[in-house]
Each structure stands twice: as structure tokens, then as C-alpha cells.
Protein chains: 2
Amino acid sequence: MESCENRNKVGGYRVDHARTLTQVSEVALGIRQERKRRTRQALLDAALRLLDRSSLAGLSLREVTREVGIVPTAFYRHFASMDELGVALVEESMRTLRDMLRDARRTRVDDAIRGSVRIIAEQVLAHENHFRFLIRERHGGVPDVRRAIATELRFIGSELATDLARFPGLSAWDTEDLRMVADLMVSAMLGIVTALLDRPRDPDHVAEATRVGERQLRIIALGTAHWRSPR
Amino acid sequence: MESCENRNKVGGYRVDHARTLTQVSEVALGIRQERKRRTRQALLDAALRLLDRSSLAGLSLREVTREVGIVPTAFYRHFASMDELGVALVEESMRTLRDMLRDARRTRVDDAIRGSVRIIAEQVLAHENHFRFLIRERHGGVPDVRRAIATELRFIGSELATDLARFPGLSAWDTEDLRMVADLMVSAMLGIVTALLDRPRDPDHVAEATRVGERQLRIIALGTAHWRSPR
DNA sequence: CTTTTCAGTGTACGCACGTTCACTATGGCC
DNA sequence: GGCCATAGTGAACGTGCGTACACTGAAAAG
């Protein structure tokens with residue numbers, strides 16, 4: 001019970017801001033705001049790390065603060081609840097996903113599929129935690145988070161549909177059918193991401209999943225090219 | 001605090017077996033075993049009902065027993081833990097899914113797609129809880145449950161692949177490509193189920209999801225028909 | 001230099017949880 | 001008819017949780 005003070009504190013703070021601060025040139029924000037931002041980010045990172053093993057509903061506020069090294073009550077300086085942190089995590093993860101799609105959209109048209117799948121594989125490996133979080137919480141136990149993900153996914157579908165409309169053979173298609181194909185492609189991509197996430201450390205598995213995913217999208221493209229909508 | 005005894009008990013038991021028992025002709029099992037089976041099933045049903053709102057990881061043993069009307073400790077007469085109940089729930093739900101696929105397999109070949117999608121819609125509406133459970137826990141927080149679902153899904157994929165092999169145009173295909181198409185179809189079906197589960201009480205939404213799902217599978221079939229595997 | 005603001009501290013609370021244990025009463029069996 | 005076996009009981013425990021509250025000390029504002 002005794003002698004447990006200043007274990008790993010630095011000037012009364014367990015989180016060591018002093019060192020990292022000086023080497024950063026984000027002078028625009030005051031020292032104070034910058035520190036707050038860093039702690040907030042540390043909470044998000046810690047949560048994402050812990051979410052590798054459990055789900056958001058099974059993750060406690062105390063676990064997250066413990067991981068960061070702050071006292072539980074300090075959590076409320078940044079989020080009103082774990083659910084709110086979850087929604088923030090959706091935003092962060094979705095930024096990753098959107099960046100990925102922006103990259104994919106820039107690939108050359110003559111082999112858009114191969115390029116897209118390659119980029120998916122790269123990004124999933126580089127941001128495994130973000131994708132695992134999205135896939136898991138998409139149908140998870142927190143309604144707000146579920147809604148946020150569903151909304152983003154729907155948006156991605158409609159963006160893809162307008163992209164498809166620019167292809168020569170598809171310019172005459174009606175909106176509904178474009179959307180139908182776009183949603184199918186999203187389903188397939190989610191399947192590919194799931195397969196990649198299954199064993200992301202095994203290069204053989206990743207290569208195989210990439211190969212298969214590429215062919216699956218090709219099947220869809222081929223089917224689309226031969227499609228004639230029933231009246 | 002006082003006078004709270006025998007509220008809804010029957011002969012010392014809160015669960016009323018006596019009435020329901022007589023009208024059942026499962027005489028093969030003794031009264032005792034039959035009662036145990038019923039309570040076990042009541043636990044599974046209660047869990048499935050509660051899982052509509054939360055996820056398995058966020059569901060407590062006490063909640064489930066409260067719902068059934070037995071004392072928490074009695075839970076252990078049936079399952080060693082909530083995780084074990086989860087695995088039992090996977091088995092039950094998978095039986096539903098397998099029945100669905102068996103039905104789908106029996107439909108006439110000339111319009112297998114329309115028939116299959118209709119059966120999917122029917123079954124998802126009839127056993128909403130089972131499908132919601134599977135979709136949710138597929139990527140959920142309980143490893144044992146995740147594994148059980150992944151295994152079953154893989155099995156379904158390989159069964160579908162052997163079914164495909166019987167189609168005239170596909171008899172020459174190699175196993176790997178058949179599997180690739182089968183997995184794509186599974187991805188699409190999961191997407192359809194997800195869409196149906198989104199607003200299962202809205203008949204318009206269900207009809208629309210069915211229509212779209214049918215077309216998506218048709219796109220895949222069309223793509224498959226025109227596919228020529230790269231060397 | 002003084003005052004204000006506020007991110008993080010530390011204690012304390014009430015609550016729900018999983019699990020233990022000794023128990024009770026009923027169905028099954030000789 | 002009497003003796004097991006066992007499904008369900010009820011009290012009790014230790015633990016971890018979310019949250020309230022008064023606090024501290026350094027950055028920001030004056």
C-alpha cells in the first residue's frame with residue numbers, strides 16, 4: 001500500500017508529452033491543445049489495438065485508459081462515452097478506406113481491376129486494424145457505430161455507381177442497374193477484405209486471396225458486359 | 001424486501017413444465033431428461049432473442065437466466081460458459097441455413113437463381129434471429145464462435161462448388177476456378193442476406209432486395225458463362 | 001505578476017457480473 | 001417404499017465496471 005508514488009510519472013504526468021513535443025513543429029496549436037490532441041489520439045490508438053482481440057461492446061473504458069496510462073476519469077475530457085469513441089474510430093477508419101478507394105480510382109483504366117485489387121491488398125495489410133474494426137463492427141453490438149458504417153458503405157456504393165456510368169458500354173444504363181452492379185462489387189470487395197484479414201501475416205495466403213479476388217471481380221465485369229436488363 | 005416468495009413459481013419451480021409436458025408424446029425420454037432439454041432450449045431461445053439488440057460478447061449469463069426465469073447458477077447445468085452456449089447457437093443456426101440451402105438445391109434448374117433468391121428471402125424472414133446471429137458473430141468478439149461459423153461457411157462454399165461442377169458448361173473447369181466462383185456467390189448471398197436483414201419488416205424493402213439480389217446472381221452466372229480462365 | 005482555465009489525479013460509491021457452496025425437492029430405479 | 005441422482009434454489013463472495021467529486025499544477029490570458 002505504501003511507497004507507490006511517482007512510479008512512472010514525469011513531473012506529475014504519466015504521459016510524457018515533453019520529449020515528443022519539442023520535435024514537432026505544430027506550433028499553430030498551443031502546447032495545451034496539442035497535448036490534448038495527442039492524448040485523444042492515444043486513446044483511439046489504444047482502443048484500436050485492444051479491438052484486435054475483443055469487440056467494441058466488450059471493451060471497457062478502464063481498459064483503454066489503462067493502456068494509455070491515464071486515470072479512468074480523464075477519459076471524459078475527450079469522449080462522453082465509449083460509443084462516442086467508437087464513432088470517432090469509424091471516422092478515422094473510413095478515412096483510410098476512402099484514401100484506398102481514391103488510389104484505386106486513379107489506376108489506369110486498361111487494367112483497373114488488377115490495380116484495384118493490388119491496392120486493396122496493400123492497404124488492408126498496412127492498416128489491418130482499421131479494416132478489422134470496420135468489418136467487425138459493421139454488424140456489431142453498438143447501433144451508432146453500425147449506422148455510421150452502413151452510411152459510409154452506402155455512400156461508397158453510390159460513388160462507385162457514378163464511376164461505372166463513365167465506362168463506354170455502361171453509359172446507357174439506368175441508375176438502378178448501375179447501383180445493383182456497384183453493390184455487388186462492394187459485396188465482393190468486402191469478401192476479399194475478409195479473406196485477406198483471415199491470415200494477413202501469411203504471404204502465400206495473401207497472394208492467393210489477391211489472385212482469387214481479381215478473378216472474382218473479373219467475373220462480375222464480364223457478366224456486366226453481357227448484361228441486358230429485362231425490360 | 002418482504003413477501004416476495006412464490007411470485008410465479010409452480011411447486012417450487014419458476015418454470016412451468018407440468019402443463020406443456022402432458023401434451024407432448026416424447027415419452028421416449030423420461031420426464032426428467034425432457035424437462036432438462038426444454039430448459040436448455042429455453043436458454044438458447046432467450047439468448048437468441050436478447051442477441052437481437054446486443055452481441056454475444058456483451059450478453060451476460062445473468063441476463064439470459066433472468067429472461068428464462070431460472071436462477072443464474074442453474075445455467076451451469078446446461079453450459080459451462082456463455083461461449084459454449086454461443087457454439088451451440090451456431091450449430092442451431094447453421095441447421096437453419098443448411099435446410100435453406102437444401103431447399104434451394106431442389107429448385108428446378110431452368111430458373112435456379114430466381115428460386116434460390118426467393119428461398120433465401122423466405123428463410124431470412126422466417127428465421128431472422130438465426131441469420132442475424134450468424135452475420136453478427138461471424139466477425140464478432142468470441143473466437144470459438146467465429147471459428148465455428150467460418151468452418152461452416154467454407155463447407156458451404158465447397159458444396160456449392162461441387163454443385164456447379166454438374167452444370168454442362170462448367171464440367172471442364174478446374175477445382176480452383178469452381179471454388180472461386182462459388183465463393184463469389186457466397187459473398188453475394190451474404191450481401192443479399194445483409195440487405196434483407198436491414199429492414200426485414202418492410203415488404204417493399206424485401207421485394208427490392210430480392211429483385212436486386214436476383215440480378216446480382218444473374219450477373220455472376222453470366223460472367224461465369226463467358227469466362228475463359230487465363231492459361 | 002496575477003488570475004483563470006482545464007487536462008489529468010485520486011478516492012470513493014454503488015452496481016452487475018461470474019462463480020462458490022450447501023441446500024431442496026422431485027423423477028428414476030431397485 | 002426407500003435410496004440415489006440431479007435440476008433448480010438462494011445466499012454470499014470477490015472483482016471490475018462506470019461515474020461523481022474535490023483536487024492539483026501548469027499553460028494561457030489579463
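Keep in mind that this is a model prediction, so the values were computed, not measured.
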query = Mapping A:T73 and B:L61 to their closest nucleotides on DNA chain C, which lands nearer the 5' end?
reply = A:T73
inquiry  = Expressed as a whole number of angstroms, how long is the span from A:E34:CD to C:dC6:P?
reply    = 17 Å
key: d(CZ, A:R32; C1', D:dA29) in whole Å   = 11 Å
message = Would you say A:R66 places a side-chain N or O within less than 4.0 Å of OP1 or OP2 belonging to D:dC17?
response = yes
query = Atom OH of B:Y76 and atom P of D:dG8: how far apart are they, to the nearest Å?
reply = 15 Å
inquiry  = For B:H78 and A:L59, find the nucleotide of DNA chain D closest to each by heavy atoms; which residue's nucleotide sits nearer the 5' end?
reply    = B:H78
note = When B:R62 and A:P72 are each assigned the nearest nucleotide of DNA chain C, the 5'-most assignment goes to A:P72
ask   = Where the side chain of A:I31 is defined as all heavy atoms beyond and including C-beta, which of D:dA27, D:dT9, D:dG18 is the nearest nucleotide?
value = D:dA27
query = Looking only at atom types and distance, does a side-chain atom of B:Q33 sit under 3.5 Å from a main-chain N or O of B:G30, one as donor and one as acceptor?
reply = no
request  = Could you tell me the separation between the CZ atom of A:R35 and the C1' atom of C:dG8, rounded to a whole number of Å?
outcome  = 11 Å
query = Would you say B:R136's side chain and B:L51's backbone share a donor-acceptor pair under 3.5 angstrom?
reply = yes
ask   = In terms of the angle between their ring planes, are B:H127 and B:H130 parallel, tilted or perpendicular, with boundaries placed at 30° and 60°?
value = parallel
key: Rounded interatomic separation in angstrom, taking NZ from A:K36 and C1' from C:dC6   = 8 Å
Donor-acceptor pair, side chain of A:R132 and main chain of A:L197, under 3.5 angstrom = yes
query = D:dG8 P sits how many Å from B:Q33 CD, rounded?
reply = 13 Å
query = Within the distance-only criterion (no hydrogens, no angle test), does the side chain of B:R146 pair as donor or acceptor with the backbone N or O of B:H139 below 3.5 angstrom?
reply = no
message = Could you tell me how far apart B:I70 (CD1) and D:dT6 (C1') are, to the nearest whole angstrom?
response = 14 Å
request  = Specify the separation, in whole Å, of atom CG of A:L43 and atom P of C:dA7.
outcome  = 13 Å
Check: A:R77 side chain, C:dC6 base, donor-acceptor under 3.5 Å = no
